[in-house]
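Structure, as C-alpha coordinates:
For clarity, every value in this text was computed on a predicted model and none was experimentally measured.
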Amino acid sequence: MNDDLYSGEIDWERIYKTFHDPSQISNRIQKELGGTNMPIVFSGFIETASHLANEMPVTFVDYSPSITDAARRTHKKLHEIHTGDITELIGILPIPRIVVACRISAYWDSPEYFKRLSTSLLSFHREIVLIDFFDRDLVKLGAKLCFKNKSDIGNWEFLYFEEINVGAPSFFKSKLRVSYSLSDYSFNYDGYRSFFTKTAILRWANSMFTDYDVIMEEPLLDQDPSFVLKLVRKKG
(Lines give C-alpha, C1' and ligand atoms only; values in the text may rest on other atoms or scores of the structure.)
Protein backbone atom coordinates (compact mmCIF):
# COMPACT_ATOMS: atom_id res chain seq x y z
CA MET A 1 0.00 0.00 0.00
CA ASN A 2 1.23 3.51 -0.81
CA ASP A 3 1.58 5.05 2.65
CA ASP A 4 1.85 8.59 1.21
CA LEU A 5 -1.68 8.37 -0.17
CA TYR A 6 -3.08 7.45 3.24
CA SER A 7 -1.02 9.79 5.43
CA GLY A 8 -4.01 12.07 6.03
CA GLU A 9 -3.34 14.67 3.34
CA ILE A 10 -6.07 13.26 1.08
CA ASP A 11 -9.62 13.31 2.43
CA TRP A 12 -10.52 9.76 1.38
CA GLU A 13 -13.73 9.73 3.38
CA ARG A 14 -14.98 12.64 1.31
CA ILE A 15 -13.95 10.91 -1.92
CA TYR A 16 -15.75 7.70 -0.96
CA LYS A 17 -18.94 9.47 0.12
CA THR A 18 -18.99 11.55 -3.07
CA PHE A 19 -18.99 8.58 -5.43
CA HIS A 20 -20.46 5.73 -3.36
CA ASP A 21 -23.43 5.30 -1.04
CA PRO A 22 -22.17 3.87 2.30
CA SER A 23 -25.70 2.99 3.42
CA GLN A 24 -26.26 0.96 0.26
CA ILE A 25 -23.04 -0.97 0.83
CA SER A 26 -24.06 -1.51 4.45
CA ASN A 27 -27.45 -2.88 3.39
CA ARG A 28 -25.81 -5.30 0.93
CA ILE A 29 -23.41 -6.52 3.63
CA GLN A 30 -26.22 -7.01 6.14
CA LYS A 31 -28.14 -9.04 3.57
CA GLU A 32 -25.13 -11.29 2.96
CA LEU A 33 -24.62 -11.68 6.71
CA GLY A 34 -28.18 -12.87 7.15
CA GLY A 35 -29.55 -9.83 8.94
CA THR A 36 -28.44 -10.83 12.44
CA ASN A 37 -26.85 -8.45 14.96
CA MET A 38 -23.89 -10.62 15.94
CA PRO A 39 -20.53 -8.76 16.18
CA ILE A 40 -18.33 -8.35 13.11
CA VAL A 41 -14.78 -7.35 12.23
CA PHE A 42 -14.94 -4.86 9.39
CA SER A 43 -12.29 -3.38 7.10
CA GLY A 44 -13.44 -0.90 4.45
CA PHE A 45 -15.05 2.55 4.22
CA ILE A 46 -15.43 4.21 7.65
CA GLU A 47 -18.90 5.48 6.76
CA THR A 48 -20.03 1.97 5.89
CA ALA A 49 -18.66 0.73 9.23
CA SER A 50 -20.63 3.47 10.97
CA HIS A 51 -23.87 2.44 9.26
CA LEU A 52 -23.28 -1.19 10.21
CA ALA A 53 -22.64 -0.11 13.81
CA ASN A 54 -26.28 0.98 14.02
CA GLU A 55 -27.23 -2.68 13.78
CA MET A 56 -24.36 -4.64 15.35
CA PRO A 57 -21.10 -4.26 17.32
CA VAL A 58 -18.37 -3.39 14.79
CA THR A 59 -14.64 -3.80 15.31
CA PHE A 60 -13.05 -1.56 12.67
CA VAL A 61 -9.60 -2.29 11.22
CA ASP A 62 -7.53 -0.14 8.87
CA TYR A 63 -3.87 -0.07 7.87
CA SER A 64 -3.63 3.73 8.00
CA PRO A 65 -3.18 5.50 11.38
CA SER A 66 -4.72 8.67 9.93
CA ILE A 67 -7.89 6.78 9.02
CA THR A 68 -8.20 5.01 12.38
CA ASP A 69 -7.48 8.29 14.21
CA ALA A 70 -10.30 9.91 12.24
CA ALA A 71 -12.58 7.00 13.07
CA ARG A 72 -11.89 7.43 16.78
CA ARG A 73 -12.68 11.15 16.59
CA THR A 74 -15.83 11.07 14.49
CA HIS A 75 -17.40 7.60 14.65
CA LYS A 76 -18.15 6.95 18.30
CA LYS A 77 -20.57 4.12 17.53
CA LEU A 78 -17.74 1.76 16.55
CA HIS A 79 -17.16 -0.87 19.23
CA GLU A 80 -13.36 -1.15 18.80
CA ILE A 81 -10.80 0.32 16.40
CA HIS A 82 -7.47 -1.28 15.50
CA THR A 83 -4.63 -0.04 13.28
CA GLY A 84 -2.80 -2.62 11.21
CA ASP A 85 -2.99 -5.28 8.50
CA ILE A 86 -6.40 -6.97 8.51
CA THR A 87 -4.83 -10.26 7.39
CA GLU A 88 -2.84 -10.30 10.63
CA LEU A 89 -5.20 -8.67 13.11
CA ILE A 90 -8.09 -11.06 12.62
CA GLY A 91 -5.71 -13.69 13.98
CA ILE A 92 -6.07 -12.11 17.43
CA LEU A 93 -9.76 -11.20 17.16
CA PRO A 94 -12.01 -14.17 18.06
CA ILE A 95 -15.07 -12.70 16.33
CA PRO A 96 -17.19 -15.11 14.25
CA ARG A 97 -18.07 -12.79 11.33
CA ILE A 98 -15.44 -11.10 9.15
CA VAL A 99 -16.06 -8.51 6.41
CA VAL A 100 -13.19 -7.22 4.25
CA ALA A 101 -14.96 -4.83 1.89
CA CYS A 102 -14.42 -1.97 -0.55
CA ARG A 103 -11.62 -3.88 -2.32
CA ILE A 104 -9.05 -3.80 0.48
CA SER A 105 -7.79 -6.94 -1.29
CA ALA A 106 -6.62 -4.72 -4.17
CA TYR A 107 -3.53 -4.04 -2.04
CA TRP A 108 -2.70 -7.73 -1.53
CA ASP A 109 0.21 -8.02 -3.93
CA SER A 110 2.03 -11.06 -2.52
CA PRO A 111 1.15 -14.66 -1.63
CA GLU A 112 2.15 -13.77 1.95
CA TYR A 113 -1.11 -11.85 2.39
CA PHE A 114 -3.12 -14.97 1.62
CA LYS A 115 -0.98 -17.16 3.85
CA ARG A 116 -1.59 -14.75 6.74
CA LEU A 117 -5.26 -14.43 5.85
CA SER A 118 -5.95 -18.16 5.85
CA THR A 119 -3.95 -18.72 9.05
CA SER A 120 -5.74 -15.86 10.79
CA LEU A 121 -9.20 -16.90 9.67
CA LEU A 122 -8.62 -20.46 10.83
CA SER A 123 -7.31 -19.35 14.22
CA PHE A 124 -10.85 -19.07 15.62
CA HIS A 125 -14.34 -20.34 14.90
CA ARG A 126 -15.86 -18.24 12.10
CA GLU A 127 -19.47 -18.43 11.01
CA ILE A 128 -19.29 -16.30 7.88
CA VAL A 129 -16.60 -14.40 5.96
CA LEU A 130 -17.09 -11.85 3.18
CA ILE A 131 -14.18 -10.55 1.08
CA ASP A 132 -14.53 -8.60 -2.16
CA PHE A 133 -12.00 -8.63 -5.00
CA PHE A 134 -11.48 -6.69 -8.21
CA ASP A 135 -12.47 -8.94 -11.13
CA ARG A 136 -9.79 -9.22 -13.83
CA ASP A 137 -12.30 -10.57 -16.33
CA LEU A 138 -14.34 -7.36 -16.19
CA VAL A 139 -11.57 -4.87 -17.04
CA LYS A 140 -9.63 -4.57 -20.29
CA LEU A 141 -6.23 -3.02 -20.82
CA GLY A 142 -6.62 0.67 -21.63
CA ALA A 143 -10.14 0.79 -20.23
CA LYS A 144 -11.33 3.67 -18.07
CA LEU A 145 -13.51 3.40 -15.00
CA CYS A 146 -15.43 6.62 -14.48
CA PHE A 147 -17.16 7.85 -11.32
CA LYS A 148 -19.50 10.81 -11.53
CA ASN A 149 -21.70 12.73 -9.11
CA LYS A 150 -23.10 15.92 -10.65
CA SER A 151 -19.98 18.00 -11.47
CA ASP A 152 -17.61 15.79 -9.45
CA ILE A 153 -15.63 13.28 -11.51
CA GLY A 154 -13.22 10.45 -10.84
CA ASN A 155 -11.31 8.44 -13.45
CA TRP A 156 -9.21 5.28 -13.31
CA GLU A 157 -7.26 4.40 -16.47
CA PHE A 158 -5.71 0.93 -16.64
CA LEU A 159 -2.20 1.21 -18.10
CA TYR A 160 -1.05 -2.42 -17.91
CA PHE A 161 -1.70 -5.82 -16.36
CA GLU A 162 0.96 -8.31 -15.34
CA GLU A 163 0.05 -11.85 -14.29
CA ILE A 164 1.68 -12.93 -11.02
CA ASN A 165 1.75 -16.70 -10.65
CA VAL A 166 4.17 -17.38 -7.79
CA GLY A 167 1.68 -18.74 -5.26
CA ALA A 168 -2.00 -19.33 -4.63
CA PRO A 169 -4.08 -17.60 -5.68
CA SER A 170 -2.52 -16.20 -8.82
CA PHE A 171 -3.43 -12.61 -9.57
CA PHE A 172 -2.87 -9.70 -11.93
CA LYS A 173 -0.98 -6.59 -10.93
CA SER A 174 -2.38 -3.52 -12.64
CA LYS A 175 -0.83 -0.10 -13.01
CA LEU A 176 -3.46 2.58 -13.20
CA ARG A 177 -3.70 6.35 -13.42
CA VAL A 178 -6.14 7.79 -10.90
CA SER A 179 -7.64 11.28 -10.94
CA TYR A 180 -10.37 12.95 -8.88
CA SER A 181 -11.82 16.38 -9.57
CA LEU A 182 -14.29 17.79 -7.05
CA SER A 183 -15.64 21.32 -6.92
CA ASP A 184 -12.81 22.62 -4.72
CA TYR A 185 -10.49 19.63 -4.49
CA SER A 186 -8.54 17.66 -7.10
CA PHE A 187 -5.53 15.36 -7.33
CA ASN A 188 -4.07 12.53 -9.42
CA TYR A 189 -1.49 9.79 -9.07
CA ASP A 190 -0.24 6.55 -10.64
CA GLY A 191 -0.74 3.48 -8.48
CA TYR A 192 -1.05 -0.30 -8.46
CA ARG A 193 -3.95 -2.62 -7.67
CA SER A 194 -4.39 -6.39 -7.60
CA PHE A 195 -7.06 -8.04 -9.72
CA PHE A 196 -8.22 -11.64 -9.42
CA THR A 197 -10.26 -14.18 -11.36
CA LYS A 198 -13.14 -16.02 -9.76
CA THR A 199 -11.54 -19.29 -10.84
CA ALA A 200 -8.30 -18.58 -8.94
CA ILE A 201 -10.11 -17.43 -5.79
CA LEU A 202 -12.48 -20.41 -5.87
CA ARG A 203 -9.58 -22.84 -6.22
CA TRP A 204 -7.69 -21.23 -3.33
CA ALA A 205 -10.73 -20.98 -1.05
CA ASN A 206 -11.88 -24.55 -1.66
CA SER A 207 -8.40 -25.86 -0.87
CA MET A 208 -7.97 -23.81 2.32
CA PHE A 209 -11.44 -23.72 3.89
CA THR A 210 -12.74 -27.27 3.70
CA ASP A 211 -15.21 -26.74 6.56
CA TYR A 212 -16.96 -23.95 4.63
CA ASP A 213 -19.29 -23.63 1.70
CA VAL A 214 -17.55 -21.38 -0.84
CA ILE A 215 -19.89 -19.04 -2.70
CA MET A 216 -19.38 -16.27 -5.25
CA GLU A 217 -21.67 -13.25 -4.89
CA GLU A 218 -22.37 -10.04 -6.81
CA PRO A 219 -20.39 -6.80 -6.13
CA LEU A 220 -21.11 -4.73 -3.03
CA LEU A 221 -20.88 -1.58 -5.17
CA ASP A 222 -23.25 -1.02 -8.09
CA GLN A 223 -21.65 -1.60 -11.51
CA ASP A 224 -18.29 -2.27 -9.90
CA PRO A 225 -15.81 -4.65 -11.63
CA SER A 226 -15.61 -6.89 -8.58
CA PHE A 227 -17.05 -9.97 -6.91
CA VAL A 228 -17.56 -11.17 -3.35
CA LEU A 229 -16.14 -14.35 -1.86
CA LYS A 230 -18.52 -15.70 0.78
CA LEU A 231 -17.48 -18.44 3.20
CA VAL A 232 -20.24 -20.03 5.26
CA ARG A 233 -19.38 -22.64 7.87
CA LYS A 234 -20.96 -26.00 7.07
CA LYS A 235 -23.54 -27.38 9.48
CA GLY A 236 -22.70 -30.38 11.63
Side-chain angles (χ1 to χ4, degrees), residues 1-26 28-29 42-49 62-64 66-67 70 85-86 99-110 113-114 130-164 169-201 216-229:
M1 184 177 292
N2 189 330
D3 292 339
D4 293 339
L5 294 175
Y6 297 91
S7 64
E9 294 184 9
I10 296 175
D11 188 349
W12 285 110
E13 190 168 1
R14 179 182 175 189
I15 296 294
Y16 296 148
K17 287 190 293 184
T18 296
F19 298 108
H20 305 297
D21 183 349
S23 64
Q24 182 187 57
I25 302 170
S26 171
R28 279 278 290 112
I29 290 170
F42 178 84
S43 185
F45 300 162
I46 304 176
E47 281 288 330
T48 298
D62 197 275
Y63 179 85
S64 166
S66 68
I67 290 176
D85 184 341
I86 183 66
V99 180
V100 184
C102 311
R103 299 94 98 231
I104 299 298
S105 60
Y107 295 99
W108 298 348
D109 57 2
S110 162
Y113 283 97
F114 287 88
L130 303 176
I131 307 173
D132 67 346
F133 297 89
F134 272 133
D135 191 337
R136 174 64 184 93
D137 292 329
L138 296 182
V139 178
K140 296 181 179 180
L141 181 63
K144 290 186 178 182
L145 184 61
C146 182
F147 309 94
K148 191 169 184 180
N149 182 2
K150 298 180 181 178
S151 61
D152 299 325
I153 297 174
N155 278 298
W156 291 14
E157 181 181 2
F158 296 92
L159 305 179
Y160 77 72
F161 284 95
E162 176 187 2
E163 185 172 9
I164 308 296
S170 60
F171 65 97
F172 293 81
K173 185 176 182 179
S174 173
K175 183 177 181 180
L176 62 161
R177 184 157 293 145
V178 177
S179 65
Y180 289 103
S181 179
L182 281 62
S183 57
D184 59 346
Y185 187 61
S186 63
F187 64 94
N188 62 80
Y189 66 91
D190 287 358
Y192 295 88
R193 300 291 187 275
S194 296
F195 280 67
F196 301 83
T197 65
K198 291 180 180 178
T199 300
I201 293 297
M216 288 295 171
E217 298 286 5
E218 295 299 309
L220 297 175
L221 297 161
D222 285 345
Q223 299 179 325
D224 190 63
S226 62
F227 60 87
V228 175
L229 169 68

| task | Determine, stepwise, if the pair R14 / D184 fulfils salt bridge (charged side-chain N to carboxylate O under 4.0 Å, His left out). | result | CA-CA 12 Å; R14 179 182 175 189; D184 59 346; 2.7 Å; yes

First locate atom [atom1] of [X], then atom [atom2] of [Y], and finally report the distance between them rounded to the nearest 0.5 Å.
| X | Y | atom1 | atom2 | answer |
| --- | --- | --- | --- | --- |
| R103 | R193 | CZ | CZ | 9.0 Å |
| L145 | E157 | CG | CD | 11.5 Å |
| T18 | L182 | OG1 | CG | 4.5 Å |
| N149 | D21 | CG | CG | 10.5 Å |
| F147 | I15 | CZ | CD1 | 10.5 Å |
| C102 | Y16 | SG | OH | 8.0 Å |

Checklist line | Between T197 and T199, a side-chain donor and acceptor under 3.5 Å | finding: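 The answer is no; no qualifying pair exists.
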
* **Q24: partners by side-chain hydrogen bond (donor to acceptor under 3.5 Å, both in side chains), with sequence neighbours left out** =>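 side-chain hydrogen bond (donor to acceptor under 3.5 Å, both in side chains) check on Q24 returns D222.
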
F161: side-chain contact (heavy atoms from CB on, under 4.5 Å) partners, not counting sequence neighbours =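 Applying side-chain contact (heavy atoms from CB on, under 4.5 Å) to F161 gives R136, V139, L141, F158, F172, S174, F195.
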
- Task: Evaluate whether atom CD of E218 has more than 12 neighbouring non-hydrogen atoms of other residues, nucleotides or ligands under 6.0 angstrom away.
- Result: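 Atom CD in E218 is not packed in, count stays at 12 or less.
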
- Query: If you draw a 6.0 Å radius around CZ in R177, do more than 12 non-hydrogen atoms from other residues or ligands fall strictly inside?
  - Reply: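 Result for CZ/R177: open.
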
Test your reading of the model: is there a side-chain donor-acceptor pair from D135 to the backbone of P225, 3.5 Å cut-off?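 Between the backbone of P225 and the side chain of D135 there is no qualifying donor-acceptor contact (under 3.5 Å).
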
*asked:* Ring-plane angle category for F133 and F196, please: parallel below 30°, perpendicular beyond 60°, tilted otherwise.
replied: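 Perpendicular.
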
